[in-house]
Chemist: 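What follows is a structure written as structure tokens; I'll ask about it next.
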Amino acid sequence: MDDPGSTTSHALHVVHAPFPGAYVLTLRGTADVTTCAALEDDFATATATGLRLIVDLAALEHGDESLLGLLINAHRTTGIELVGPLSPSFRRRLDTAGITGWFTIRPTLTAALTQ
């Protein structure tokens with residue numbers, strides 16, 4: 001049985017976890033155009049809380065331009081921190097887009113939550 005604070009779409013599993021002062025989305029698997037609509041809803045839920053948004057990408061296997069767009073929109077809307085380590089392919093995607101510096105990337109979720 002899935003965690004009540006999680007959604008699964010195709011090869012992507014998303015866990016929602018509110019913390020004092022922060023809302024965490026943990027993404028596991030593949031975030032691409034096939035999962036984008038569900039992932040948009042997840043980001044909308046997270047940003048609607050008004051809390052600092054932390055997106056844990058340590059278990060993300062692949063993220064395409066759909067995820068990149070959601071991260072950019074969240075950055076513009078609410079601010080965002082990422083948790084890594086990021087996969088080499090997603091790190092390259094951020095680097096190629098020239099936006100790696102837009103995001104604070106923490107080595108662990110604990111490090112992100114204690115900032």
Chemist: Are Val55 and Val24 connected in the hydrophobic side-chain network, where two residues link if heavy atoms are under 4.5 Å apart?
Modeler: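 Different clusters.
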
Chemist: One pair to check against side-chain contact (heavy atoms from CB on, under 4.5 Å): Leu57 and Val83. What are the steps and the verdict?
Modeler: CA-CA 6 Å; Leu57 300 175; Val83 174; over 6 Å; no

Chemist: Just by modelled atom types, is the Gly63 backbone N or O under 3.5 Å from a matching donor or acceptor in the Arg93 side chain?
Modeler: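 Yes, because the side chain of Arg93 sits within donor-acceptor range (under 3.5 Å) of the backbone of Gly63.
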
Chemist: Starting at CG of Leu67, measure out to CG of Leu27 and round the result to the nearest 0.5 Å.
Modeler: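 These two atoms lie 6.5 Å from each other.
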
Chemist: Donor-acceptor pair, distance only, cut-off 3.5 Å: does the side chain of Thr96 make one with the backbone of Arg92?
Modeler: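 Present.
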
Chemist: How close do Arg52 and Gln115 get, counting heavy atoms only, and between which atoms?
Modeler: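 So the minimum-distance heavy-atom pair works out to NH2-O, 3.7 Å.
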
Chemist: Hey, what do you get for CZ (Arg28) to CD (Glu61), rounding to the nearest 0.5 Å?
Modeler: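 Separation between the atoms: 11.0 Å.
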
Chemist: Decide whether Trp102 and Leu25 are clustered together by the hydrophobic rule: side chain heavy atoms of Ile, Leu, Val, Met, Phe, Trp, Tyr closer than 4.5 Å, transitively.
Modeler: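 Cluster IDs for Trp102 and Leu25 match.
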
Chemist: Do Val14 and Leu82 sit in the same hydrophobic cluster, where Ile, Leu, Val, Met, Phe, Trp and Tyr count as joined when their side-chain heavy atoms come under 4.5 Å apart?
Modeler: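 Linked within one cluster.
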
Chemist: Honestly curious: do Ile54 and Leu68 fall in one hydrophobic cluster under the side-chain, below-4.5 Å linking rule?
Modeler: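 No; Leu68 is not reachable from Ile54 via cluster members.
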
Chemist: Roughly how far, to the nearest 0.5 Å, is the CD atom of Glu40 from the OG1 atom of Thr45?
Modeler: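 One finds 11.5 Å between OG1 of Thr45 and CD of Glu40.
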
Chemist: Looking at every heavy atom in both Ala46 and Leu53, which two are closest together, and how far apart are they?
Modeler: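 So the minimum-distance heavy-atom pair works out to CB-CD1, 3.7 Å.
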
Chemist: Quiz question: by atom type and distance under 3.5 Å, do the side chains of Asp64 and Ser66 form a donor-acceptor pair?
Modeler: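 Side chains of Asp64 and Ser66: pair found under 3.5 Å.
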
Chemist: Would you name the heavy atoms of Leu51 and Ala22 that are closest together and state the gap between them?
Modeler: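 Answer, listing the atom of Leu51 first, then Ala22: CD1-O, 3.7 Å.
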
Chemist: Quick one: do Ile80 and Leu12 end up in the same hydrophobic cluster if we chain Ile, Leu, Val, Met, Phe, Trp and Tyr together by side-chain heavy atoms under 4.5 Å apart?
Modeler: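 They do share one cluster, since a chain of ILVMFWY contacts under 4.5 Å joins Ile80 to Leu12.
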
Chemist: Any chance you could measure Thr104, atom OG1, to His75, atom NE2, to the nearest 0.5 Å?
Modeler: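 It comes to 9.5 Å.
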
Chemist: Using every non-hydrogen atom in the two residues, find where Leu60 and Ser87 come nearest and quote the distance to one decimal.
Modeler: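 Shortest heavy-atom contact: O-CB, 3.9 Å.
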
Chemist: Given the rule in the side chain to side chain donor-acceptor pair (under 3.5 Å) test, do Asp32 and Thr34 qualify, once you have shown the distances and angles that lead to the verdict?
Modeler: CA-CA 5 Å; Asp32 59 21; Thr34 63; 2.5 Å; yes

Chemist: Do the ring centers of Tyr23 and His16 come within less than 6.0 Å of each other?
Modeler: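 Yes, the ring centres sit under 6.0 Å apart.
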
Chemist: Under the rule for side-chain contact (heavy atoms from CB on, under 4.5 Å), what residues qualify as partners of Arg91, not counting sequence neighbours?
Modeler: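 So Arg91 forms a side-chain contact (heavy atoms from CB on, under 4.5 Å) with Leu86, Asp95, Thr100, Ile105.
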
Chemist: How far apart are the closest heavy atoms of Phe103 and Ile72, and which atoms are they?
Modeler: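 Distance-wise, the nearest heavy atoms are CZ-N, 4.4 Å.
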
